Amino acid sequence: MSPHTAMTAAAPAAEATVRKSSPGAARGPRRRTGRLRRVGLPYLLLLPALLLELLVHLVPMVIGIVMSFKELTQFYIRDWSTAPWAGLDNYSVSVDFDAPVGQALLHSFLVTVAFTVLSVGLCWLIGTAAAVFMQDTFRGRGLLRALFLVPYALPVYAAVITWVFMFQHDNGLVNHVLHDQLGLTDKPSFWLIGDNSFVALLTVSVWKGWPFAFLIVMAGLQNIPRELYEAAALDGAGMVQQLRRITLPSLRPVNQVLVLVLFLWTFNDFNTPYVLFGKSAPEAADLISVHIYQASFVTWNFGTGSAMSVLLLLFLLVVTGVYLALTSRGRRTAQ
């Protein structure tokens, strides 16, 4: 056997010997495959939720944006894709504040802004006060916490329908207490019509929303070390000073998220005014969500209603972006 033939025959054996002597070379592809599985598994588990989000939210949103550029009325409701294009006409009609449609939308927007500011402010104030009060240990604290969360746990329709009965003019509990028992009014009030409808709507919204603020603030208070309060008490700081110097600064990140969530929920609230007043809300309580519903499903002008919805979406996106920019800048300045 020639030397060249011997070397050729010995090459596979040498290669097999090298493979056996270096097990890391064989485990390399396996390791990469395992890493890919670990990295890709979370995305694979999120895929059903992502697809459901696309079907439930994003697809209708895109369809609504397309509808806002169409002259979609009841004549094209069977096949909305055949409706003629209107361009920006629906948006021009919505923001023309000299015309009746624009004036009504502007009035509804201003009512919604006033309602949102008052509701969010009162929800935060009551929820924070209740959460701070619940930090002290006393008998029955657990039961009182559970009672505070009842309005938030109740279904919206059941809770609001109960308030509808309480606001009745002749036999409602509100008039019975204010007029018959306390004598605060000269005569029973109409709470579901006229200017009083705004007060009724605000009352129901605050009653339904403050337990959420209470729950979030109470959870945030658990992260504040008790040693800070003990040290402040030793230094002579009273309850007001502790609230200003310790509690509120420590709750700033929690309150920033809480206020944003309450703002979005309240500004977009449709169930509360719809169940409280029906399809036609009083002028004093004409929230923009119900107004868009009336513009779309009562007048059958879906193109204009879709344009109003897109304008509302843009407004909320701008407000949210500005709010997040300001709060993040404030955090960086505080650091």
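Computed from a predicted structure; not experimentally measured.
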Novice: Are Ile63 and Val66 connected into the same hydrophobic cluster when the rule is that any two of I, L, V, M, F, W, Y join if their side-chain heavy atoms are below 4.5 Å apart?
Specialist: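 The answer is yes; both residues are in one hydrophobic cluster.
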Novice: Atom CG of Leu258 and atom CH2 of Trp124: how far apart are they, to the nearest 0.5 Å?
Specialist: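 Answer for the CG-CH2 pair, Leu258 versus Trp124, is 9.0 Å.
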Novice: At what distance, to the nearest 0.5 angstrom, does CG of Asn175 lie from CG of Leu184?
Specialist: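 Nearest 0.5 Å value for the CG-CG distance: 11.5 Å.
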Novice: Are there over 12 heavy-atom neighbours, none belonging to Asp96, within less than 6.0 Å of that residue's CG?
Specialist: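 More than 12 heavy atoms, drawn from other residues, nucleotides or ligands, come within 6.0 Å of this atom.
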Novice: Give me the atom names and distance for the closest heavy-atom approach of Phe69 to Ile65.
Specialist: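 So the minimum-distance heavy-atom pair works out to CD1-O, 3.1 Å.
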Novice: Apply the test side chain to side chain contact (heavy atoms under 4.5 Å, CB included) to residues Gln222 and Gln135: give CA-CA distance (whole Å), side-chain angles for both, the deciding distance (0.1 Å), then the verdict.
Specialist: CA-CA 9 Å; Gln222 307 304 315; Gln135 288 301 106; 3.3 Å; yes
Novice: Using the ring pair (Phe, Tyr, Trp, His ring centres under 6.0 Å) criterion, which residues pair with Trp163? Sequence neighbours excluded.
Specialist: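 Trp163: ring pair (Phe, Tyr, Trp, His ring centres under 6.0 Å) contacts with Phe167, Trp207.
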Novice: Side-chain atoms of residues 307-320: list all donor-acceptor pairs with protein atoms under 3.5 Å, sequence neighbours left out, distances to 0.1 Å.
Specialist:
unit_1, atom_1, unit_2, atom_2, d
Ser309, OG, Gly305, O, 3.0
Thr320, OG1, Leu316, O, 2.7

Novice: Enumerate, atom names and distances included, each donor-acceptor pair closer than 3.5 Å involving a side-chain atom of residues 97-122, sequence neighbours excluded.
Specialist:
unit_1, atom_1, unit_2, atom_2, d
Gln103, NE2, Phe97, O, 3.4
Gln103, NE2, Asp98, O, 3.4
Ser108, OG, Asp286, O, 2.8
Ser108, OG, Leu287, O, 3.3
Ser108, OG, Ile288, N, 3.1
Thr112, OG1, Ser108, O, 2.7
Thr112, OG1, Ile288, N, 2.8
Thr116, OG1, Thr112, O, 2.7
Ser119, OG, Ser205, OG, 2.8

Novice: Starting from Val62, can I reach Leu52 by hopping between I/L/V/M/F/W/Y residues whose side chains sit under 4.5 Å apart?
Specialist: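 Looking at the clustering, Val62 is in a separate group from Leu52.
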Novice: Are Trp85 and Leu72 connected into the same hydrophobic cluster when the rule is that any two of I, L, V, M, F, W, Y join if their side-chain heavy atoms are below 4.5 Å apart?
Specialist: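 Yes, one cluster joins them.
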Novice: Decide yes or no on side chain to side chain contact (heavy atoms under 4.5 Å, CB included) for Leu324 and Leu260, but give the supporting numbers first.
Specialist: CA-CA 9 Å; Leu324 292 177; Leu260 179 60; 3.9 Å; yes
Novice: Roughly how far, to the nearest 0.5 Å, is OG of Ser280 from NE2 of His291?
Specialist: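 Rounded to the nearest 0.5 Å, the NE2-OG separation comes to 11.0 Å.
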Novice: Could you pull out the closest heavy-atom pair between Ser197 and Ala284, with the gap in Å?
Specialist: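 The answer is OG-CB, 3.7 Å.
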Novice: Are side-chain heavy atoms of Phe270 and Val290 found at a separation under 4.5 Å?
Specialist: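 The answer is yes; the side chains approach within 4.5 Å.
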Novice: Around atom CG of Asp180, are there more than 12 heavy atoms of other residues, nucleotides or ligands at under 6.0 Å?
Specialist: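 Check passes, neighbour count above 12.
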Novice: Which pair of non-hydrogen atoms, one from Ala131 and one from Val217, has the smallest distance, and what is that distance?
Specialist: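 Closest pair (atom of Ala131, atom of Val217, distance): CB-CG1, 3.7 Å.
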Novice: Nearest 0.5 Å, what's the NE2-CG distance between His176 and Leu182?
Specialist: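 If I round to the nearest 0.5 Å, the distance is 9.5 Å.
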Novice: Does the side chain of Asn196 come within less than 4.5 Å of Trp191's, by heavy atoms?
Specialist: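 Contact flag for Trp191/Asn196 side chains = yes.
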Novice: So, the side chain of Gln294 versus the backbone of Lys279: is there a donor-acceptor pair under 3.5 Å, distance only?
Specialist: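 Yes; at least one donor-acceptor contact below 3.5 Å.
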Novice: For residues Phe165 and Ile193: do they belong to one hydrophobic cluster (side chain heavy atoms under 4.5 Å, members Ile, Leu, Val, Met, Phe, Trp, Tyr)?
Specialist: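 Phe165 and Ile193: separate clusters.
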Novice: Under the side-chain hydrogen bond (donor to acceptor under 3.5 Å, both in side chains) rule, collect the residues that match up with Gln168, sequence neighbours excluded.
Specialist: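 Once residues adjacent in sequence are excluded, Gln168 has no partner under the side-chain hydrogen bond (donor to acceptor under 3.5 Å, both in side chains) criterion.
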Novice: Return a table of donor-acceptor pairs under 3.5 angstrom between the side chains of residues 240-248 and protein atoms on other chains or two or more places apart.
Specialist:
unit_1, atom_1, unit_2, atom_2, d
Gln242, NE2, Ala237, O, 3.2
Thr247, OG1, Tyr229, OH, 2.7

Novice: Using only atom types and a distance under 3.5 Å, with no angle test, would you say the side chain of His169 pairs donor to acceptor with the backbone of Phe190?
Specialist: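 Side chain of His169 to backbone of Phe190: no pair is present.
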Novice: Look up atom CE in Met67 and atom OG1 in Thr304, then write down how far apart they are to the nearest 0.5 Å.
Specialist: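 So the gap between those two atoms works out to 10.5 Å.
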Novice: Linking I/L/V/M/F/W/Y whenever any side-chain heavy atoms sit under 4.5 Å apart, do Leu51 and Leu58 land together?
Specialist: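 Yes, one cluster joins them.
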Novice: Taking all heavy atoms of Ser189 and all of Thr185, pick out the closest pair and write down the distance.
Specialist: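 Result for this residue pair: OG-CG2, 4.3 Å.
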Novice: Would you sort out whether Tyr323 and Phe263 count as a side chain to side chain contact (heavy atoms under 4.5 Å, CB included), showing the intermediate values?
Specialist: CA-CA 11 Å; Tyr323 178 82; Phe263 167 78; over 6 Å; no
Novice: Between Lys208 and Thr272, what is the shortest heavy-atom contact and its length?
Specialist: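 Closest approach of Lys208 to Thr272: CE-OG1, 3.1 Å.
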Novice: To the closest 0.5 Å, what do you measure between OH (Tyr76) and CD (Glu71)?
Specialist: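 It comes to 6.5 Å.
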Novice: Write down the atom of Trp210, the atom of Ala130, and the distance for their closest heavy-atom approach.
Specialist: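 Smallest heavy-atom distance, with atoms named: CZ3-CB, 3.9 Å.
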Novice: Working note: Phe277 + Leu201, criterion side chain to side chain contact (heavy atoms under 4.5 Å, CB included); need CA distance, chi angles, decisive distance, verdict.
Specialist: CA-CA 9 Å; Phe277 305 115; Leu201 179 61; 4.1 Å; yes
Novice: State whether the side chain of Ser296 and the backbone N or O of Tyr293 hold a donor-acceptor pair below 3.5 Å, judged by distance alone.
Specialist: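 A pair under 3.5 Å: no.
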Novice: Name the atoms and distances for all side-chain donor-acceptor pairs under 3.5 Å in residues 143-157, with sequence neighbours left out.
Specialist:
unit_1, atom_1, unit_2, atom_2, d
Arg145, NH2, Met134, O, 3.4
Tyr157, OH, Asn271, OD1, 3.4

